[in-house]
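As a basis for the values below, the full set of heavy atoms in this structure was taken, side chains included, without hydrogen atoms, waters or symmetry mates. Model, not experiment: these values are computed from the prediction. Start at 1 and go down the list; that is how both ligands and their atoms are numbered.
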Amino acid sequence: MPEIAENLKVVRERIAAAARLSGRRTEQITLVAVTKTVGVPEIREALEAGVTDIGENYVQEAIDKRLEIGSGPRWHMIGHLQRNKAKHAVEVFDLVQSVDSVEVARELGKRSLAAGKTMDVLVEVNVSGEESKFGVEPPEALSLASRIAEVEGVRVQGLMGMAPFLDNAEETRPYFAALKAIWDRLPGDQRSFLSMGMTQDFEVAIEEGANMVRVGTAIFGPRRAG
Ligand SMILES: *Cc1c(COP(=O)(O)O)cnc(C)c1O
């Protein structure tokens, strides 16, 4: 079996085990394959092995790849989105996971309406509390979500967050539990996705309630620098 397909099999087994531990089925967890810096041939391999969702961090990189790959998979924006990139983001992405201000939401909404669509978004929450991370501070997350929900042309579908990088994945648990607690207080129609967990910690995230994980390295191997 080619390496990417093999890696995917292992990741899926790990997702299934964590889902079982949290009383859910594998099908209830969406795997977003994170493809920043990954080439189109490798992405095609992943798609052939059953990947349905792709996560990219940069708008231009996603535009270039989508020209070759097309609209078959669902395209997720997981990197920080600048307001001046909203127009292009609307053209490429099916779900923008990294919205952390009303201003960006308004711009996305305006561009989406102009394109005759509604953009699904997640509110990014800075649960790790690290200054280098994007996202709204946890105490403001619910009020931001409700303000974004008022914006025409966007639809709040849940929350996204990242734990800090810790040597022991077990230590990420409280960060994920904190994000889940906020998610639990969203109105029901905004609770489609709780996107948390990456290569280092996706099992803990699932155990704490994630129904969407974003995994790059465990599928494609270490990223090229830059
Ligand atoms: C790069 C990235 C991931 C995937 O990271 P891995 O450790 O390679 O699994 C997930 N989420 C975000 C926001 C990222 O930028």
Side-chain angles (χ1 to χ4, degrees), residues 3-4 6-15 18 29-39 42-43 45-46 49 51-62 65 73-82 85 89 92-101 104 120-136 138 141 157-172 175-176 178-180 183 193-226:
E3 196 181 335
I4 290 172
E6 186 76 57
N7 291 347
L8 268 165
K9 187 163 170 278
V10 173
V11 167
R12 289 207 183 92
E13 284 165 3
R14 289 168 58 189
I15 289 174
I29 317 287
T30 301
L31 169 64
V32 178
V34 174
T35 52
K36 58 176 174 243
T37 78
V38 174
E42 289 77 24
I43 299 175
E45 256 186 80
V51 159
T52 54
D53 293 74
I54 287 185
E56 284 282 345
N57 289 61
Y58 301 100
V59 175
Q60 189 57 50
E61 191 177 336
K65 289 173 179 175
R74 275 182 298 273
W75 292 79
H76 299 243
M77 174 58 171
I78 62 170
H80 183 65
L81 182 62
Q82 287 163 319
K85 299 278 167 62
V92 218
F93 294 109
D94 302 292
L95 176 68
V96 177
Q97 300 203 9
S98 47
V99 176
D100 63 2
S101 75
V104 167
D120 287 332
V121 303
L122 305 184
V123 175
E124 181 174 359
V125 184
N126 182 12
V127 269
S128 76
E130 290 168 301
E131 267 176 44
S132 57
K133 295 260 164 76
F134 293 105
V136 61
Q157 292 285 289
L159 302 178
M160 186 267 259
M162 261 180 269
F165 281 98
L166 299 167
D167 290 335
N168 179 358
E170 193 54 39
E171 290 171 22
T172 60
Y175 299 93
F176 294 136
L179 191 58
K180 170 67 158 59
W183 190 80
F193 301 114
L194 177 56
S195 173
M196 55 186 197
M198 313 172 27
T199 291
Q200 62 149 5
D201 53 24
F202 69 85
E203 285 141 310
V204 178
I206 292 169
E207 287 165 30
E208 292 301 325
N211 64 8
M212 179 174 275
V213 292
R214 309 176 308 269
V215 180
T217 310
I219 298 171
F220 299 105
R223 278 182 287 278
R224 299 186 289 275

Task: ligand 1 contacted by Gln97 (non-hydrogen, < 4.0 Å) - done: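 Checking ligand 1 against Gln97, which is what was asked, there is no heavy-atom contact under 4.0 Å.
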
- [ ] Compute the minimum heavy-atom distance from Met162 to ligand 1 and say whether it is under 4.0 Å.
- [x]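 True for this residue.
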
TODO: Taking Lys65 for its side chain and Glu56 for its backbone only, find out whether a donor-acceptor pair lies under 3.5 Å.
DONE: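 Pair absent, no side-chain N/O of Lys65 close to backbone of Glu56.
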
Open item on the list: Looking at Ser101 and Val104, would you say the former's side chain and the latter's main chain have a donor-acceptor pair under 3.5 Å?
Closed with: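 Between the backbone of Val104 and the side chain of Ser101 there is a qualifying donor-acceptor contact (under 3.5 Å).
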
Would you mind running through ligand 1 and noting each atom that sits below 4.0 Å from a heavy atom of [X]?
| X | answer |
| --- | --- |
| Asn57 | 14 (C), 15 (O) |
| Gly216 | 4 (C), 6 (P), 8 (O), 9 (O) |
| Thr217 | 6 (P), 7 (O), 8 (O), 9 (O) |
| Arg214 | 4 (C), 9 (O), 10 (C), 11 (N), 12 (C), 13 (C) |
| Ile78 | 11 (N), 12 (C), 13 (C), 14 (C) |
| Val215 | 9 (O) |

TODO: To the nearest 0.5 Å, tell me how far Ile54 CD1 sits from Ile78 CD1.
DONE: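 Rounded to the nearest 0.5 Å, the CD1-CD1 separation comes to 11.0 Å.
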
Task: Pairwise distance OG1(Thr217) to CD(Gln200) - rounded to 0.5 angstrom - done: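 It comes to 10.0 Å.
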
Task: Test of proximity, Gln200 against ligand 1: N or O pairs below 3.5 Å - done: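 N/O-N/O distance below 3.5 Å does not exist for this pair.
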
Task: Residue, atom name and distance, where the atom is the protein heavy atom closest to atom 14 (C) of ligand 1 - done: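 Looking only at protein heavy atoms, the one closest to atom 14 (C) of ligand 1 is Lys36 NZ, 2.9 Å.
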
- [ ] May I ask you to identify the nearest protein heavy atom to atom 5 (O) of ligand 1, giving residue, atom name and distance to one decimal place in Å?
- [x]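 It is Met198 CE, 3.4 Å.
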
TODO: Starting from the C-alpha separation in whole Å, work towards a yes-or-no answer on side chain to side chain contact (heavy atoms under 4.5 Å, CB included) for Phe176 and Glu207.
DONE: CA-CA 9 Å; Phe176 294 136; Glu207 287 165 30; over 6 Å; no

TODO: Taking the side chain as every heavy atom from C-beta outward, state whether Met196 and Tyr175 have any atom pair closer than 4.5 Å.
DONE: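 Result no, sub-4.5 Å side-chain heavy-atom pair not found.
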
- [ ] Output, in order, the C-alpha distance, side-chain angles, deciding distance and verdict of side chain to side chain contact (heavy atoms under 4.5 Å, CB included) for Leu31 and Asp53.
- [x] CA-CA 7 Å; Leu31 169 64; Asp53 293 74; over 6 Å; no

TODO: Report the part of Thr199 (side chain from C-beta onward, or backbone N, CA, C, O) that has a heavy atom under 4.0 Å from ligand 1; answer both or neither where that applies.
DONE: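 Answer for Thr199: both.
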
Open item on the list: My understanding is that only one of Val127, Leu122, Val136, Val123 makes a side-chain contact (heavy atoms from CB on, under 4.5 Å) with Leu159; could you say which?
Closed with: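 Answer to the side-chain contact (heavy atoms from CB on, under 4.5 Å) test with Leu159 among Val127, Leu122, Val136, Val123: Val123.
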
